[in-house]
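Both counts, for ligands and for their atoms, begin at 1 and track the order of listing. What's counted below: heavy atoms across the whole structure, side chains too, no hydrogens, waters or symmetry copies.
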Amino acid sequence: MTSALTSPPTSDPASRRVAVVTGASSGIGAATARALAGEGFRVVCAARRTDRIEALAAEIDGLAVACDVTSAESVAGLAAAVDGPVHVLVNNAGGAFDAASVEEADPELWRAMYDVNVIGLLRVTQALLPALRESGDAVIVNMGSTAGRVAYENGGGYTAAKHGTQVVTETLRLELLGEPIRISEVAPGLVKTDEFALVRFGGDRARADAVYDGVPGPLLAADVADAVAWIATRPSHVNIDELVIRPRAQAAQHKLYRG
Ligand code: 8X3
């Protein structure tokens with residue numbers, strides 16, 4: 001018999017709190033969608049690649065919404081599809097598109113990195129703030145990086161963009177003070193995913209694999225997802241401002257142990 005104290009069945013979409021995860025088609029985004037579903041959220045899986053997010057949404061009983069965070073129209077479509085309160089927003093869509101010196105970098109690639117890592121986050125946050133407010137108790141988790149804490153050679157475009165992610169997170173926390181919305185940033189170091197390094201090196205598998213060569217135990221997407229889920233499930237009065245997470249084999253950005 002059902003009592004008022006019984007948890008609602010997780011199969012009832014209307015009774016579950018809603019989480020939106022951008023960049024959910026692979027890597028940290030997909031792992032985060034799974035982790036939040038494991039915590040009982042109805043997860044809206046947003047990304048460009050519909051085949052992937054549809055499979056993921058079916059797996060976790062969530063909702064797939066095709067979304068390109070670099071398109072205002074596409075983001076408006078995400079907000080329309082959500083249609084109701086949102087309790088957790090994970091601004092995860094992002095990436096590095098080059099490994100070039102300041103002298104040689106292509107300004108268009110820098111523009112593209114800023115567009116996805118900073119403006120994309122801005123677009124989605126603006127579009128979903130009404131739904132986050134409507135929840136009465138929301139958390140925004142922005143996916144930053146240790147690249148948003150330091151500089152490294154041939155990383156200027158990405159590190160500049162991820163510093164932007166950090167600063168926007170801090171700004172939003174100041175601006176939303178007094179509202180029932182918490183703002184966090186997760187800043188991972190070396191994470192071995194299927195695509196991050198491959199995209200950065202333009203599909204060059206050997207260069208991508210070399211990033212992780214000999215590193216015993218780089219972080220995996222699930223490790224970062226675990227951190228996001230932990231942040232999202234703290235009591236309402238607890239705001240985790242930022243969480244830097246690295247593998248044991250990485251003492252600092254340039255200090256990697258390769259066994
Ligand atoms: C990825 C971490 O070290 O490649 O956000 O910049 S790093």
Side-chain angles (χ1 to χ4, degrees), residues 21-32 35 47 69-70 90-102 104-106 109-110 112-121 141-170 184-228 231 240-259:
V21 180
T22 67
S25 55
S26 69
I28 292 171
T32 298
V69 301
T70 67
V90 184
N91 279 309
N92 166 74
F97 303 149
D98 75 358
S101 67
V102 170
E104 296 186 341
D106 177 349
L109 291 179
W110 281 42
M113 283 188 275
Y114 197 80
D115 198 18
V116 68
N117 289 290
V118 184
I119 311 285
L121 177 158
V141 183
N142 292 333
M143 193 52 62
S145 170
T146 53
R149 301 294 187 285
V150 295
Y152 56 83
E153 309 90 318
N154 303 317
Y158 180 64
T159 56
K162 283 302 188 189
H163 277 78
T165 304
Q166 183 197 27
V167 171
V168 173
T169 305
E170 286 183 19
S184 302
E185 182 202 7
V186 173
L190 189 73
V191 186
K192 187 171 185 179
T193 61
D194 292 338
E195 296 183 332
F196 178 84
L198 202 58
V199 170
R200 170 169 242 174
F201 293 114
D204 185 331
R205 170 61 68 188
R207 284 183 80 192
D209 287 349
V211 171
Y212 312 101
D213 254 2
V215 178
L219 292 179
L220 300 177
D223 299 317
V224 182
D226 190 35
V228 176
I231 287 171
I240 306 299
D241 286 12
E242 58 183 12
L243 197 158
V244 176
I245 173 170
R246 301 181 205 268
R248 187 176 60 191
Q250 185 178 36
Q253 192 75 20
H254 288 81
K255 191 87 177 163
L256 262 179
Y257 176 74
R258 297 184 194 267

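The Arg200 neighbourhood of ligand 1 comprises atoms 4 (O), with distances under 4.0 Å to a heavy atom of that residue. Close approach of ligand 1 to Gly189 (heavy-atom distance below 4.0 Å) involves ligand atoms 2 (C). Of all atoms in ligand 1, numbered sequentially from 1 with element shown, those under 4.0 Å from a heavy atom of Ala147 are 6 (O).
Minimum interatomic distance between Ser25 and Ala30 (heavy atoms only, all atoms of both residues): C-CB, 4.2 Å. Across Ala96 and Val199, no two heavy atoms sit closer than the pair O-CG1, 3.7 Å.
Note: an N/O pair closer than 3.5 Å links Tyr158 and ligand 1 by distance alone.
Between Lys162 and Glu185, no side-chain nitrogen of the basic residue sits less than 4.0 Å from a carboxylate oxygen of the acidic one, so the salt-bridge criterion is not met.
For atom 3 (O) of ligand 1, the closest heavy atom belonging to the protein is Gln253 NE2, 2.6 Å. With respect to atom 6 (O) of ligand 1, the closest heavy atom belonging to the protein is Tyr152 OH, 2.6 Å.
Atoms CD1 and CD, on Ile231 and Glu242 in that order, are 10.0 Å from each other to the nearest 0.5 Å.
Using a 3.5 Å distance cut-off with no hydrogens or angles, the side chains of Asp194 and Ser26 do not pair a donor with an acceptor.
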